[in-house]
> 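First the structure, which I've put down as structure tokens, then a few questions once you've had a look.
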Amino acid sequence: MHPLPISSALTPTLTVGELAATRPSSTRVFFRRGIDFCCGGGKTLEEACRRRGLDPQEVLREIQLELERGEEESATWTERSQSELIQHILVRYHEPLREELHRLHGMTLKVLRVHGEKDPERLSQLADTFSTLKDELLPHLDKEERILFPWILSGRPVPQGGPIDRMMFEHEQAGQLLERLRELTGNYEVPPGACNTWRALWNGLETLERDLHEHIHLENNILFPRASGRA
């Protein structure tokens, strides 16, 4: 069987952020392939694939296949207003994230307490890393809601080097912690004999990573560039 021809609109010179913003279903491919489309959205697809040892043409074929499946593309947020996008971020990501951070933190401590003797170093590092992620993300959400989002909604341009750059720096830090969690969980491979809480923790951490990538992508690649006049 011959591979499907790739649309001429899809090229390896497009940035990962552009693809994620204009073709949201591409993020499913990026997540499967381990391509950072939030903090690493400024890299071209070719650069991102080279970093992961992937064939960019093969990744483009996967993206093309996702598009041809005709799955819903309703989240093309480049065509929506800033106020709509912010409301979506608040409801879809901020509110659930607060609850999930507290839930998963309790689970990391429980797994460490009950099963710590099975893999003490790894589970201890996992609990510490997740605690750091939670302690950094919760005030980050507050700053966006109290300072940055109202500023954007006011219509005033946000100066470069101001709160947007700080938020993007904190996104980068969160991305590094997510990478560390993936390393510590062995790509979320559930250990043999793991209890239900352990299994639920691994599943919850993987879902958290996916949601945070989508969340940060919307801010870094769509919301913030428009607010600062870079889009």
> Tell me whether the count of non-hydrogen atoms from other residues, nucleotides or ligands lying under 6.0 Å of CZ in Arg210 goes above 12.
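Correct, the count exceeds 12.
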
> Do you know the tightest heavy-atom contact between Gly193 and Lys118?
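Heavy atoms only, the tightest pair is O-NZ, 4.5 Å.
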
> So, Gln82 side chain and Leu223 main chain: donor-acceptor pair closer than 3.5 Å or not?
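Such a contact is found between Gln82 side chain and Leu223 backbone.
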
> For the residue pair Arg80 and Trp77, would you count it as a cation-pi contact if the rule is NZ or CZ under 6.0 angstrom from the ring centre and within 45 degrees of the ring axis?
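Ring-cation test returns yes.
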
> Donor-acceptor pair, Arg33 side chain versus Val59 backbone, under 3.5 Å?
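Not at all, since once roles are kept as given, no pair shorter than 3.5 Å links the two residues.
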
> Taking all heavy atoms of Met107 and all of Thr197, pick out the closest pair and write down the distance.
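So the minimum-distance heavy-atom pair works out to CE-O, 3.5 Å.
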
> So do the side chains of Leu45 and Leu14 get within less than 4.5 Å of each other, counting heavy atoms only?
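A side-chain contact is absent here, since even the closest heavy-atom pair is not under 4.5 Å.
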
> Got Val29 and Arg32 here, is their nearest side-chain heavy-atom distance under 4.5 Å?
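Yes, side chains in contact.
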
> How would you list all residue pairs meeting ring pair (Phe, Tyr, Trp, His ring centres under 6.0 Å) that involve residues 33-65, not counting sequence neighbours?
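Listed once each, the pairs are Phe37-His213, Phe37-His217.
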
> Please determine if Glu47 and Arg51 form a salt bridge, counting it only when a charged side-chain N lies under 4.0 Å from a carboxylate O.
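No, this pair does not count.
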
> When the ring planes of Tyr93 and His88 are compared, do they come out parallel, tilted or perpendicular, using 30° and 60° as the limits?
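Perpendicular.
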
> List in chain and number order the residues that pass ring-ring contact (aromatic ring centres under 6.0 Å, His included) with Phe149, two or more places apart in sequence or in another chain; answer none if no residue qualifies.
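Expected list: His94.
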
> Around Glu117, counting heavy atoms of other residues, nucleotides and ligands shown, do more than 12 lie under 6.0 Å from its CD?
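Enclosed.
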
> Which atom pair, heavy atoms only, marks the closest approach of Trp198 to Pro191?
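In terms of heavy atoms, the two residues are closest at CZ2-CG, 3.6 Å.
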
> Looking at every non-hydrogen atom in both residues, tell me the closest pair between Val190 and Ala194 and how far apart they are.
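Looking at all heavy atoms of both residues, the closest pair is CG1-CB, 3.6 Å.
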
> Among Leu208, Asp211, Leu138, exactly one meets side chain to side chain contact (heavy atoms under 4.5 Å, CB included) together with Leu97. Which residue is that?
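Only one of Leu208, Asp211, Leu138 forms a side chain to side chain contact (heavy atoms under 4.5 Å, CB included) with Leu97, namely Leu208.
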
> Just wondering, do Gln173 and Glu136 contact through their side chains at under 4.5 Å, heavy atoms?
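Yes, side chains in contact.
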
> Who passes salt bridge (charged side-chain N to carboxylate O under 4.0 Å, His left out) against Glu95, sequence neighbours left out?
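So Glu95 forms no salt bridge (charged side-chain N to carboxylate O under 4.0 Å, His left out) with any residue.
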
> Just jot down the salt bridge (charged side-chain N to carboxylate O under 4.0 Å, His left out) partners of Arg103, sequence neighbours excluded, or say none.
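Expected list: Glu100.
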
> For residues 11-20, which residue pairs qualify under salt bridge (Lys or Arg N to Asp or Glu O under 4.0 Å), counting only residues two or more places apart or in two chains?
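Found none.
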
> With a 3.5 Å cut-off and sequence neighbours excluded, list the donor-acceptor pairs that the side chains of residues 126-135 form with protein atoms.
{"unit_1": "Thr129", "atom_1": "OG1", "unit_2": "Gln125", "atom_2": "O", "d": "2.8"}
{"unit_1": "Thr132", "atom_1": "OG1", "unit_2": "Asp128", "atom_2": "O", "d": "3.0"}

> May I ask you to say whether Asp142 pairs ionically with Arg98, meaning some side-chain N is under 4.0 Å from a carboxylate O?
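Salt bridge between Asp142 and Arg98, a charged N being under 4.0 Å from a carboxylate O: yes.
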
> With the side chain counted from C-beta on, respond yes when Leu19 and Leu10 share a heavy-atom pair under 4.5 Å apart, and no when they do not.
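Heavy-atom side-chain distance check passes, below 4.5 Å.
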
